[in-house]
2 protein chains.
Amino acid sequence: MPVNSFENYPMTWRPSKTQLKSPLYMSIANLLEYDIVNGYLAPNTKLPPQRELADYLDINLSTITRAFKICELKGLIYAQTGKGTFVSPNFGLEISIVDSTIENQNYIDMGLIKPFDDFNLVTAEAIKKLSDKGCLENLLNYSYPIGSPYHKMTAMKWLKNFNLSVKADNVAITSGSQNSVTLTLISLFGAGDKIAVDMYTYPNFIELANMLNIKLIPIKGDAFGMNPEDLDVQCKLNSIQGIYLTPSCNNPSAILMNMQRKEEIARIIKKNKLILIEDDIFSFIAPRHYLPISYFVPEQSIYICSVSKSLCSGIRVAFLYFADKFSANIIRGIHTTTIKTPALNVEVVAELINTGLAEKIVSDKLIIAKERNEIYKKYFKINNENENPLSFYRWLPLDQKYDANEFEKLALKHGIRIYHSNRFLVANLEEKQFLRVSLSSCLDSNELEKGLKILKDILYDTTYYKNNNSLII
Amino acid sequence: MPVNSFENYPMTWRPSKTQLKSPLYMSIANLLEYDIVNGYLAPNTKLPPQRELADYLDINLSTITRAFKICELKGLIYAQTGKGTFVSPNFGLEISIVDSTIENQNYIDMGLIKPFDDFNLVTAEAIKKLSDKGCLENLLNYSYPIGSPYHKMTAMKWLKNFNLSVKADNVAITSGSQNSVTLTLISLFGAGDKIAVDMYTYPNFIELANMLNIKLIPIKGDAFGMNPEDLDVQCKLNSIQGIYLTPSCNNPSAILMNMQRKEEIARIIKKNKLILIEDDIFSFIAPRHYLPISYFVPEQSIYICSVSKSLCSGIRVAFLYFADKFSANIIRGIHTTTIKTPALNVEVVAELINTGLAEKIVSDKLIIAKERNEIYKKYFKINNENENPLSFYRWLPLDQKYDANEFEKLALKHGIRIYHSNRFLVANLEEKQFLRVSLSSCLDSNELEKGLKILKDILYDTTYYKNNNSLII
DNA sequence: TCATTTGTTGCTCAACATTTC
DNA sequence: AGAAATGTTGAGCAACAAATG
């Protein structure tokens with residue numbers, strides 16, 4: 001029998017005792033998952049303390065712990081010793097950001113980060129030129145699963161632009177950055193492992209970690225990006241195995257990490273023997289002389305440089321640097337996730353890079369990025385001077401607390417798609433709210449201007465939400 | 001103190017007590033992994049009973065169980081209640097079968113299954129035609145991550161050839177069959193889950209499962225393929241969640257599962273609520289009227305049809321059918337592993353399929369496959385009448401017991417690459433040994449004939465191995 | 001500063017199931 | 001058929017660690 005009577009005791013979550021089956025821990029985990037997924041438990045709800053639940057259900061404390069652990073690794077809840085256990089902030093939202101609504105788009109897209117798709121014409125041209133050259137049949141077999149000598153050479157050349165000089169033995173061709181991250185996590189991590197990330201993190205990475213039951217440890221940040229002291233502290237507390245960083249232009253905060261901070265972070269990485277996963281998809285909008293973090297910890301790093309944002313998104317090619325000691329595992333991971341990246345696609349990218357077209361695309365994109373940012377600054381000021389001035393999106397602080405879901409819906413109703421910061425939260429330790437405003441997915445500058453105007457009205461013209469009680473919280 | 005003295009007691013594995021650190025279970029798992037990976041414990045070695053080890057180390061039985069579980073999920077060992085725990089049979093061999101030795105190839109390849117790469121000329125032609133048509137830029141963006149309407153339609157058309165009629169809502173385009181299996185396992189299974197497989201299974205699947213810590217349960221087979229009774233028995237014992245099958249031409253056993261066996265297996269799948277992963281990469285060499293197993297259990301199936309063997313290996317495209325209830329998870333898995341399959345590549349495949357070139361490639365390949373099999377039959381007879389007569393490889397029973405590693409080395413020394421059945425073993429419950437003899441990777445029929453001659457000599461001319469003491473075991 | 005609240009972790013225990021003889 | 005050997009599983013216990021006030 002329970003020690004206390006819980007009949008009139010308030011509990012935010014009260015699993016039905018009659019529904020409990022053996023095994024108990026599994027049964028509890030399933031009930032909790034059901035209630036979160038179906039919205040009976042709102043994001044950020046504090047769950048009862050484990051001891052209280054154990055007492056209420058008249059079972060051992062560690063049985064609750066085990067049940068909670070299952071849900072935590074799925075990303076449904078997060079727990080903090082001394083504080084309690086909470087429902088994850090982003091579960092109500094469809095976390096992954098994917099373009100499934102291409103048809104009948106009747107809004108201005110400031111949600112997705114499309115990388116100025118007009119430039120795909122240049123890539124299309126390159127394909128045509130290639131196919132006129134002939135010899136395509138040699139690109140259509142199983143040979144060179146991690147990249148032909150020519151393709152690796154091209155990768156090395158491209159990486160050198162971003163100040164990473166590597167040997168051919170440490171380079172592989174992969175199918176874009178998402179595939180790179182997937183194979184890295186599968187190859188070098190296991191379920192239950194922990195990876196440090198920014199408080200606000202790229203949702204596709206969060207979702208991948210959730211699917212693989214890898215626990216993300218959010219690290220506090222400041223104006224310069226991830227805070228090295230907090231990283232060090234969390235490493236001591238948590239036995240963290242890896243760290244995921246996007247230093248050239250953090251997604252979503254747009255912070256460009258300066259060299260001093262990069263070195264500090266590298267020092268902590270070294271000290272704690274972390275595996276660094278450096279996703280440098282925005283390397284091309286960083287200052288030319290900036291060095292990647294991997295430069296400082298080459299022997300414990302995976303560096304990923306996708307061409308999706310810089311050159312062409314749909315071609316699905318990335319270059320991956322791996323430290324010597326990861327070689328066997330990474331090669332096995334490539335083999336296991338994709339067998340190989342189609343050499344046809346790599347050849348297209350190589351054509352762009354080796355003819356100089358790639359440099360041209362990049363410099364032209366930078367000009368447009370600058371223009372779009374000028375437009376943005378006509379409506380909002382840039383919040384943090386450390387943000388990348390050429391970022392394809394901006395990180396707009398909100399003055400009031402909104403219900404994330406309601407806000408996005410309201411914006412869509414008024415013709416703009418935009419993402420609230422909750423989508424990027426690993427755990428809700430941050431009080432501040434933001435919007436990520438994409439500048440690169442609109443058809444043109446006029447549309448962007450129209451969208452920004454609507455956004456400003458929604459934020460500052462009170463008539464927009466006065467009839468919406470649940471919007472502001 | 002231990003209850004018994006172990007000083008003079010024989011134990012196949014004796015972890016050093018002084019090296020044990022806390023946590024004990026982790027420490028023990030690491031020691032065991034080290035000794036297996038470094039060859040101190042040979043494949044198939046029987047480990048001491050868990051109770052004995054616990055007694056020896058003076059710790060609790062379940063601590064050993066936990067340590068063993070970690071290694072078992074990595075595929076290093078396998079355990080059987082009542083019998084004992086054994087080192088996995090295939091760990092000494094480089095399990096994944098990958099073409100990394102393309103340079104300086106000075107042997108006849110009867111190892112890999114290359115799908116008659118000369119036909120890549122047809123695909124190359126199709127690419128040229130496509131690029132002349134123009135409009136490629138629309139294939140180079142983030143749109144339609146699971147496949148455009150046209151590409152899905154093409155997928156449905158192709159699947160219909162193999163008697164699977166599906167709705168557009170249940171089809172996705174993926175990046176080849178390995179990618180399909182990866183995303184399926186990530187989306188629908190978790191670490192510790194169990195999947196039933198044939199006793200001899202495609203090594204890439206074994207390796208993937210090992211990396212994801214999914215446990216494979218080998219099911220006994222007979223001349224017709226997987227045995228339904230044993231499947232049912234194992235399901236009852238093991239709480240198995242899924243099953244992986246390649247019924248049109250099992251890899252490596254070449255068995256073509258007949259319709260009766262398919263229906264029996266389907267019945268067991270239904271009864272035990274398994275998720276069926278049907279990898280039908282060889283559907284095009286099955287009889288025209290054969291139905292896939294998924295036809296009988298459409299509501300709990302994932303059906304994968306890659307074009308790598310039928311049309312072109314390096315283009316990396318597969319079509320995937322998923323049951324309604326898996327829809328959200330599978331779409332999320334596609335997004336999480338690759339974002340999307342490059343539409344350029346899908347367009348190439350669609351061009352082949354919709355112009356009729358695909359049918360032509362397939363029928364031409366069947367003719368060559370038949371020829372190659374005729375040649376094979378000049379040297380060896382086909383062992384099992386249920387094997388697919390058009391298989392790209394044959395499954396040759398060995399009369400003697402060889403050391404797998406030594407045999408492959410000897411063959412290579414004499415100019416042929418060939419794979420021993422141990423590479424395909426999940427657990428060594430089978431006494432019989434085989435060779436998988438690829439017929440499709442040689443340059444031409446002459447080379448194949450040369451290779452088969454060498455193989456026959458190695459097997460029956462004793463001078464080939466009389467000086468090799470460790471070859472026969 | 002210290003006690004209280006709350007989550008974490010590794011190990012032990014006991015009941016159970018299968019295989020073998 | 002039944003006993004012994006062997007692996008499996010869920011739950012409980014206790015020491016520990018962080019956050020809070």
Side-chain angles (χ1 to χ4, degrees), chain A residues 11-13 20-30 32 46-73 77-86 192-194 215 217 220 230 233-240 427 429, chain B residues 4 11-12 20-30 32 46-73 77-86 192-194 215 217 220 230 233-240 427 429:
Chain A
M11 286 207 289
T12 52
W13 185 59
L20 284 192
K21 291 190 285 272
S22 179
L24 291 171
Y25 75 99
M26 199 55 96
S27 182
I28 294 165
N30 288 339
L32 183 54
K46 183 179 190 307
L47 295 173
Q50 297 186 3
R51 278 175 181 77
E52 208 164 274
L53 273 172
D55 201 7
Y56 170 68
L57 296 172
D58 200 21
I59 58 177
N60 188 275
L61 162 67
S62 71
T63 305
I64 301 288
T65 308
R66 239 195 252 175
F68 277 22
K69 177 69 79 201
I70 291 170
C71 291
E72 181 165 32
L73 288 178
I77 59 176
Y78 62 96
Q80 281 178 285
T81 301
K83 238 177 157 179
T85 308
F86 305 83
D193 281 357
K194 293 170 195 158
K215 186 170 169 186
I217 308 289
K220 288 194 194 109
D230 193 44
V233 168
Q234 295 299 326
C235 283
K236 286 206 188 73
L237 306 182
N238 281 296
S239 75
I240 296 173
L429 309 172
Chain B
N4 304 305
M11 286 207 290
T12 52
L20 284 192
K21 289 189 286 273
S22 177
L24 290 170
Y25 74 100
M26 198 55 95
S27 182
I28 294 165
N30 288 338
L32 182 54
K46 184 180 188 307
L47 296 174
Q50 297 185 2
R51 278 174 181 76
E52 209 165 274
L53 273 172
D55 202 6
Y56 170 68
L57 296 173
D58 200 19
I59 58 176
N60 189 275
L61 162 67
S62 71
T63 304
I64 301 288
T65 307
R66 238 201 253 178
F68 277 22
K69 178 69 79 200
I70 291 170
C71 291
E72 181 164 33
L73 289 178
I77 59 176
Y78 63 95
Q80 280 177 285
T81 300
K83 241 181 157 176
T85 308
F86 306 83
D193 282 356
K194 293 169 193 158
K215 187 171 168 184
I217 309 288
K220 287 191 195 110
D230 191 44
V233 168
Q234 295 299 326
C235 282
K236 284 205 191 69
L237 306 183
N238 281 296
S239 76
I240 296 174
L429 310 171

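Below, read A as the first sequence line, B as the second, and so on, with proteins coming before strands; counting in each chain starts at 1.
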Worksheet entry | Leading and trailing nucleotides of DNA chain D with any atom under 4.0 Å from heavy atoms of chain A | D/dG10 to D/dT20
Item to complete: Nearest whole angstrom, please: distance from the C1' of C/dT6 to the CD1 of A/I77.
Response: 14 Å
Distance-only criterion, 3.5 Å: show the donor-acceptor pairs between side-chain atoms of residues 59-67 of chain A and protein atoms not counting sequence neighbours.
from: A/N60; atom 1: OD1; to: A/S62; atom 2: N; distance (Å): 2.8
from: A/N60; atom 1: OD1; to: A/S62; atom 2: OG; distance (Å): 3.0
from: A/T65; atom 1: OG1; to: A/Q50; atom 2: OE1; distance (Å): 2.6
from: A/T65; atom 1: OG1; to: A/L61; atom 2: O; distance (Å): 3.2

Worksheet item: Of all residues at least two apart in sequence or in a different chain, which pass the side-chain contact (heavy atoms from CB on, under 4.5 Å) check with A/K220?
Response: A/M199, A/D230
Item to complete: Report yes if at least one side-chain N or O of A/T65 is closer than 4.0 Å to OP1 or OP2 of C/dT9; otherwise report no.
Response: no
Item to complete: Calculate the interatomic distance between B/I59 atom CD1 and C/dT12 atom P; express it in whole Å.
Response: 7 Å
Discussion item. Does A/T85 form a side-chain contact (heavy atoms from CB on, under 4.5 Å) with A/Q80? I'd like the steps, not just the answer.
Written reply: CA-CA 6 Å; A/T85 308; A/Q80 281 178 285; over 6 Å; no
Worksheet item: Quick one: which of C/dT8, C/dC11, C/dT9 gets closest to the side chain of A/E72?
Response: C/dT8
Below 3.5 Å is the cut-off: list the nitrogen or oxygen pairs between protein and nucleotides 15-21 of chain C, distance only.
from: C/dT19; atom 1: O4'; to: B/T81; atom 2: O; distance (Å): 3.4

Worksheet item: Got a sec, which residues hit side-chain contact (heavy atoms from CB on, under 4.5 Å) with B/P49, two or more places apart in sequence or on another chain?
Response: B/E52
Discussion item. Whether A/Q50 contacts C/dT8 is assessed here as follows: a side-chain N or O lying under 4.0 Å from the phosphate OP1 or OP2. Is that the case?
Written reply: yes
Discussion item. Taking 4.0 Å as the cut-off, does a side-chain nitrogen or oxygen of A/K69 come that near to OP1 or OP2 on C/dG7?
Written reply: no
Discussion item. B/I77 vs B/F68, test: side-chain contact (heavy atoms from CB on, under 4.5 Å). Steps then yes/no.
Written reply: CA-CA 8 Å; B/I77 59 176; B/F68 277 22; 4.0 Å; yes
Worksheet item: Got a donor-acceptor contact below 3.5 angstrom from the B/T12 side chain to the B/K46 backbone?
Response: yes
Practice prompt. Provide, to the nearest angstrom, the distance between the CG atom belonging to B/D58 and the P atom belonging to C/dG10.
Written response: 20 Å
Worksheet item: Quick one: does B/E72's side chain have a donor or acceptor within less than 3.5 Å of a partner on B/A79's backbone?
Response: yes
Worksheet item: Which is true for A/K194 with a 4.0 Å heavy-atom rule: it touches a base, it touches only sugar-phosphate, or it touches nothing?
Response: sugar-phosphate
Item to complete: Pick base, sugar-phosphate or nothing for A/Y25, based on heavy-atom distances below 4.0 Å to the nucleic acid.
Response: sugar-phosphate
Worksheet entry | Worked verdict on A/L57 versus A/L24 for side-chain contact (heavy atoms from CB on, under 4.5 Å) | CA-CA 10 Å; A/L57 296 172; A/L24 291 171; over 6 Å; no
Discussion item. Determine whether a donor-acceptor pair (one donor, one acceptor, N or O, separation below 3.5 Å) exists between the side chain of B/S62 and the base of C/dC11.
Written reply: no
Discussion item. When you measure from the side-chain N and O atoms of B/N60 to the phosphate of C/dC13, is any distance below 4.0 Å, counting only OP1 and OP2?
Written reply: yes
Practice prompt. Would you please name every residue forming a side-chain contact (heavy atoms from CB on, under 4.5 Å) with B/K236, sequence neighbours left out?
Written response: B/D232, B/K271
Item to complete: Measure from CZ on A/F86 to P on C/dT6 and round the result to the nearest Å.
Response: 10 Å
